[in-house]
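Working notes, beginning with the structure itself.
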Amino acid sequence: MSDREEEAERHATNLELFVDLVFVFAVTQIASSISRDLTWSGLGRGLLIAWLVWWQWSQYTWAGAATDLQREPWTRVLVLSTIPATLLVATAIPGAFTDKGAWFGVAFLVVQLLVLGMQGSMALRDQATRSSFIKYASVAAIMPMVVAIGGFLNGWARVAAWIVAGGLNVVSALRGGSGEWVINPVHFAERHALFIIISLGEALVAIGAAASDAGLGASTAVGLGVAAALACILWWSYFAYIPNVVEQQLRQAAPAQRAHIARNLFTFGHFPLSAASCSLLSQPSTWCPTLATRCQRPTDGGSPVRS
Amino acid sequence: MQWQIARYLARERLAAIGAVVVLCAVSGRLVGAGVFGMIGVILLAVQSIAWRRFRRGNLSHISPNR
């Protein structure tokens, strides 16, 4: 098999799937954080963390789209070495807006710099991708520092710092996405489809856990059925043809245009899909009447507490 | 995504977005499972239209699904 044919058929590796398991936990943490504070500000804080975590996952995916991270020992070791810090990021999510926020910020910084370094060590070797990476990294390297600094701030200052960091993600992508990157269309589309599966999988776990928590009864069974049916419709809406179409768009694009499409259709385009499906279905008290009656909202404006 | 690929937004999608916004606005007076069910019906209807259009379009060969 030629290099070109081999490249065309490259799929997600076991190493990437292993890293994804950490992100499964992160998605669970985000969903439960939103679920514990069903207010507009709670939703906003949850989506802000979701955007930062999505960016972290995207960084792995862009690195993996350029080269097989599992093939070389040094990339295997580097990816594996990011897992403890990534797990720390996920673990710190529920306390990200409390006095434990520094844990989230510092762990986030460590992971981002490691992955950015790994991405750079590949992109800088290639004349075609060097300038794109420098444009991207000049802003992308600042972003995790802002997240880390924000972790040491309090209240709205932290929120503001993390909103700025989220904005820097967009700026770095707009700067870097206009140049050339090595992107394997099959691999890139497959990785994003897998993240949609993670989001819908988290939704199914939340639905099942909530029904189990509420205790089986006719109303719980109806609520569970409706929520699970909605998850199935969301699956169908995406997987009927969207992965094939977006992969085709990438495949047909000229190398210089590929990063532009990857950024808009995948990195920007898939975040609302996964965030919305996960946020919508991970609110069991909204569809499960038994849980809804067991949820009490304290009068001091704090988070709802399940009795 | 549809805008990125085809530079148009299907009317049924815009109608569905409007319907879900209205549904969310009145959701406080409805049963939660009912709201979820209605969102599901709206999504199913939109998806059925989109799927039929896709099958008739020039991109239909891309997907092996029937």
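Letters go in sequence order (proteins before strands), and every chain restarts at 1.
From A:Y241, atom OH reaches atom CD of B:Q47 across 5.5 Å, with rounding to the nearest 0.5 Å. Atoms CH2 and CG, on A:W236 and B:L44 in that order, are 8.5 Å from each other to the nearest 0.5 Å.
Residue contact with chain B, scored on non-hydrogen atoms closer than 4.5 Å, involves the side chain of A:I233 exclusively. Contact of A:I261 with chain B is not made at all, since no heavy-atom distance falls under 4.5 Å. With a 4.5 Å cut-off on non-hydrogen atoms, A:A229 does not touch chain B at all. Within the 4.5 angstrom heavy-atom criterion, only backbone atoms of A:F239 (N, CA, C, O) approach chain B.
Here A:N264 is the residue among A:N264, A:V246, A:I242 with the most heavy-atom pairs under 4.5 Å with chain B.
The heavy-atom pair separating B:A33 from A:G223 by the smallest distance is CB-CA, 4.3 Å.
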